[in-house]
Amino acid sequence: MALRLIPYIVLNGTASEAISFYEQALGAEVLYKQTFGEMPENPEFPLPEEAKNRIGHATIRVGETELMFSDTFPGQPHQLGDQVTICISTDDKEQSHKIFDALQEGGQVLMPLQETFFSPAYGNVKDKFGITFQIYTDNHCME
């Protein structure tokens with residue numbers, strides 16, 4: 001039996017912008033993207049105009065991993081920040097630095113990328129969308 005964990009990120013109207021950002025920062029590939037306006041209509045629940053361009057569901061691939069996204073429906077409560085943490089693992093120290101640098105643009109470094117007892121390059125960064133990433137470089141990487 002195959003089992004995967006796919007982090008799901010819910011944003012408040014900025015999912016499309018986030019997807020574009022991750023395409024650049026992480027080399028992500030968009031596998032699927034649909035707005036609420038592109039979904040089949042339900043006559044019992046007419047779609048408000050402000051919801052039509054929000055992302056109803058999207059999936060991107062980063063390397064061998066998938067991330068899923070959606071926006072909240074207008075008026076739904078949304079807690080910005082630490083509702084999702086994602087660990088990005090690599091065996092290439094240079095790639096770790098590149099990813100860390102890209103994600104910190106407009107964001108906040110929580111722990112600088114540094115050598116630790118468990119990794120030659122590990123750090124935490126909160127990106128401009130409030131998502132916290134752990135950048136982990138495998139112990140066995142070559143310098």
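None of the values given here were measured: they were computed from a predicted structure.
Contact between Ile55 and Ser16 at its shortest, heavy atoms only, is CG1-N, 3.7 Å. Contact record, Ala28 with Val62: CB-CG2, 3.8 Å, taken as the closest heavy-atom pair. For the residue pair Ile131 and Ile9, the shortest heavy atom distance occurs at CD1-CG2, 3.7 Å. Annotation for Lys128 and Gly106: closest pair CB-O, 3.3 Å, computed over non-hydrogen atoms. Of all heavy-atom pairs spanning Glu66 and Ile6, the tightest one is O-CG2, 3.1 Å. Nearest heavy atom pair, residue Ser119 against residue Thr137, reads OG-O, 2.6 Å.
With a 4.5 Å cut-off on side-chain heavy atoms, Phe73 and Pro48 count as touching. Phe129 has its side chain out of reach of Leu103: every pair of non-hydrogen atoms, C-beta onward, lies at least 4.5 Å apart. Asp127 is listed as a side-chain neighbour of Tyr22, based on a closest heavy-atom distance under 4.5 Å. Inter-residue side-chain proximity for Ile60 and Leu26 is flagged as unmet; no heavy-atom pair is nearer than 4.5 Å. Counting heavy atoms from C-beta outward, Met111 and Thr116 have side chains that approach closer than 4.5 Å.
Applying the ring-ring contact (aromatic ring centres under 6.0 Å, His included) definition to pairs two or more places apart or across chains, none involves residues 89-108.
With Asp71 contributing its side chain and Ala15 its backbone, the two residues share a donor-acceptor pair below 3.5 Å.
Taking the side chain to side chain donor-acceptor pair (under 3.5 Å) definition, one finds that Thr72 meets it with Asn12, Arg54, sequence neighbours left out.
Note on Tyr32: it does not cluster hydrophobically with Leu67, by side-chain heavy-atom contacts below 4.5 Å among ILVMFWY residues. Linking Ile, Leu, Val, Met, Phe, Trp and Tyr whenever their side-chain heavy atoms come within less than 4.5 Å leaves Tyr122 and Ile86 in two separate clusters. Under a hydrophobic-cluster definition in which Ile, Leu, Val, Met, Phe, Trp and Tyr are linked whenever side-chain heavy atoms come within less than 4.5 Å, directly or via other members, Tyr136 and Leu113 are assigned to different clusters. Cluster membership check: Phe21 shares its hydrophobic cluster with Val109, using side-chain heavy-atom separations under 4.5 Å among Ile, Leu, Val, Met, Phe, Trp and Tyr.
Other residues, nucleotides and ligands contribute only 12 or fewer heavy atoms inside 6.0 Å of the CD atom of Glu49. Heavy-atom neighbours of Gln76 CD from other residues, nucleotides or ligands within 6.0 Å: above the threshold of 12. The number of heavy-atom neighbours closer than 6.0 Å to CG of Asp101, taken from other residues, nucleotides and ligands shown, is above 12. Atom CD of Glu105 sits in a sparse spot, with 12 or fewer heavy atoms from other residues, nucleotides or ligands closer than 6.0 Å.
To the nearest 0.5 angstrom, Lys93 atom NZ is 15.0 Å from Ile135 atom CD1.
The aromatic rings of Tyr8 and His57 sit tilted relative to each other, their planes meeting at an angle between 30° and 60°.
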Output a table of donor-acceptor pairs, distance under 3.5 Å, between side-chain atoms of residues 35-45 and any protein atom two or more places apart or on a different chain; print 'none' if there are none.
unit_1, atom_1, unit_2, atom_2, d
Thr35, OG1, Gly37, N, 3.4
Thr35, OG1, Glu38, N, 3.1
Thr35, OG1, Lys52, O, 3.2
Glu38, OE1, Thr35, N, 2.9
Asn42, OD1, Glu44, N, 3.0

